[in-house]
Amino acid sequence: MKRILFIILAAMAVVGCESDEICDRNVNTPRLLVRFYDPNQLRSPFSVTNLTVYAEGSSKALVTNATTDSLALPLRLTNPTVYVLQKIETGNVTRTATLTLSYQTHETFVSKACGIKTTYSTLTATISPTTSWLKGIRIQNSTVDNEKRAHIHLYH
């Protein structure tokens with residue numbers, strides 16, 4: 001009787017166990033890639049100096065007083081995502097532009113270990129005020145599913 005009980009308990013333990021799954025790939029939700037360009041020279045990126053970037057409603061800067069020709073910005077799961085881009089010019093004059101991003105989200109279950117990956121489609125973007133230091137915007141890729149190429153070009 002003890003043997004039968006032991007066999008039943010052992011069988012239940014084996015059947016009830018799950019294998020430990022390990023995520024063996026990078027499945028991060030992609031960020032939005034922004035490249036800066038001179039509107040008169042579209043062939044090569046043009047760096048912005050003294051750039052500070054905030055998510056709207058946040059006091060913590062994503063970028064502070066940087067010189068860069070590109071940004072990788074996270075998108076929220078709720079629509080829209082709004083960023084404030086500030087540029088300090090000669091004489092410590094701060095010029096501000098607001099970048100508003102709208103999109104549709106799509107969640108894909110990768111695995112129990114890797115979790116869920118979110119991608120974004122039908123990306124649209126606006127800049128305000130229209131008289132800001134940013135002169136224009138162009139959507140290069142309206143689907144944000146990787147970080148290999150720029151999704152948006154901003155002209156300054």
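All heavy atoms count here, side chains included; hydrogens, waters and symmetry mates do not.
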A.B. asks: Can a donor-acceptor pair be found, under 3.5 Å and without considering hydrogens, that links the side chain of Tyr120 to the backbone of Leu75?
C.D. replies: yes
A.B. asks: Mind checking whether Val82 and Val53 sit in one hydrophobic cluster, side chains of I, L, V, M, F, W, Y counted as touching below 4.5 Å?
C.D. replies: no
A.B. asks: Any donor and acceptor pair, going by atom type alone, linking the side chain of Glu147 with main-chain N or O of Arg31 inside 3.5 Å?
C.D. replies: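 Flag set: sc Glu147 to bb Arg31 pair under 3.5 Å.
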A.B. asks: Considering all heavy atoms of both residues, which atom of Pro129 and which atom of Thr96 are nearest to each other, and what is their separation?
C.D. replies: CD-O, 4.0 Å
A.B. asks: Verify, without hydrogens or angle tests, whether Asn79 (side chain) and Tyr103 (backbone) share a donor-acceptor contact under 3.5 angstrom.
C.D. replies: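 Yes; judged by distance alone, with no hydrogens or angles, the pair exists.
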A.B. asks: Do Tyr155 and Tyr83 belong together in a cluster built from hydrophobic side chains that touch within less than 4.5 Å?
C.D. replies: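 No, separate clusters.
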A.B. asks: How about Leu123 and Val144: do any of their side-chain heavy atoms sit closer than 4.5 Å?
C.D. replies: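 Result yes, sub-4.5 Å side-chain heavy-atom pair found.
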A.B. asks: With no hydrogens and no angle check, is any side-chain donor or acceptor of Thr52 less than 3.5 Å from a backbone partner on Asn65?
C.D. replies: yes
A.B. asks: Taking only residues two or more places apart in sequence or in another chain, which ones pass side chain to side chain contact (heavy atoms under 4.5 Å, CB included) with Ala97?
C.D. replies: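 In terms of side chain to side chain contact (heavy atoms under 4.5 Å, CB included), with neighbours along the sequence ignored, Ala97 is linked to Ile127, Ser132, Trp133, Leu134.
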A.B. asks: Side-chain heavy atoms under 4.5 angstrom apart, residues restricted to Ile, Leu, Val, Met, Phe, Trp, Tyr: same cluster for Val84 and Val63?
C.D. replies: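 Shared cluster, no.
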A.B. asks: Run the salt bridge (charged side-chain N to carboxylate O under 4.0 Å, His left out) test against Arg138 and tell me which residues pass, sequence neighbours left out.
C.D. replies: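 Per chain and number, Arg138 pairs via salt bridge (charged side-chain N to carboxylate O under 4.0 Å, His left out) with no residue.
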A.B. asks: Identify whether Val48 and Leu101 are in the same connected component of the hydrophobic contact network (ILVMFWY, side-chain heavy atoms under 4.5 Å).
C.D. replies: yes
A.B. asks: For Asp69, what residues pass the side chain to side chain contact (heavy atoms under 4.5 Å, CB included) criterion, not counting sequence neighbours?
C.D. replies: Arg35, Pro45, Ser47
A.B. asks: Which residues satisfy the salt bridge (charged side-chain N to carboxylate O under 4.0 Å, His left out) test with Asp145, sequence neighbours excluded?
C.D. replies: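 Listed in chain order: nothing, the list is empty.
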A.B. asks: In terms of hydrophobic clusters joined by side-chain contacts under 4.5 Å, are Leu77 and Leu99 together?
C.D. replies: yes
A.B. asks: Looking at side-chain heavy atoms only, is the closest gap between Ile116 and Thr108 below 4.5 Å?
C.D. replies: no
A.B. asks: Decide yes or no for Thr119 and Thr143: does some side-chain heavy atom of the first lie under 4.5 Å from some side-chain heavy atom of the second?
C.D. replies: no
A.B. asks: May I ask you to decide whether Arg95 forms a salt bridge with Glu89, counting only side-chain N to carboxylate O separations under 4.0 Å?
C.D. replies: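 Between Glu89 and Arg95 there is a salt bridge, with a charged N closer than 4.0 Å to a carboxylate O.
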A.B. asks: With no hydrogens and no angle check, is any side-chain donor or acceptor of Asn28 less than 3.5 Å from a backbone partner on Pro30?
C.D. replies: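 It does not hold such a pair.
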A.B. asks: What pairs with Arg76 under salt bridge (charged side-chain N to carboxylate O under 4.0 Å, His left out), at least two apart in sequence or on another chain?
C.D. replies: none
A.B. asks: Between the side chains of His106 and Thr118, does any donor sit under 3.5 Å from an acceptor?
C.D. replies: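 No - no donor-acceptor pair under 3.5 Å links their side chains.
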A.B. asks: Please answer whether the main-chain N or O of Phe46 pairs with a side-chain N or O of His156 as donor and acceptor at a distance below 3.5 Å.
C.D. replies: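 At least one qualifying donor-acceptor pair exists.
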A.B. asks: Hey, could you give me the CZ/OG1 distance between Phe36 and Thr49, rounded to the nearest 0.5 Å?
C.D. replies: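 Here the rounded value is 11.0 Å.
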A.B. asks: From Leu154 CG over to Lys135 NZ, what is the distance, rounded to the nearest 0.5 angstrom?
C.D. replies: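 Interatomic distance, Leu154 CG to Lys135 NZ, rounded to 0.5 Å: 12.5 Å.
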A.B. asks: Could you work out the complete set of other residues in the hydrophobic cluster of Leu33, with links drawn between I, L, V, M, F, W and Y side chains under 4.5 Å apart?
C.D. replies: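 Noted: Leu33 shares its cluster with no other residue.
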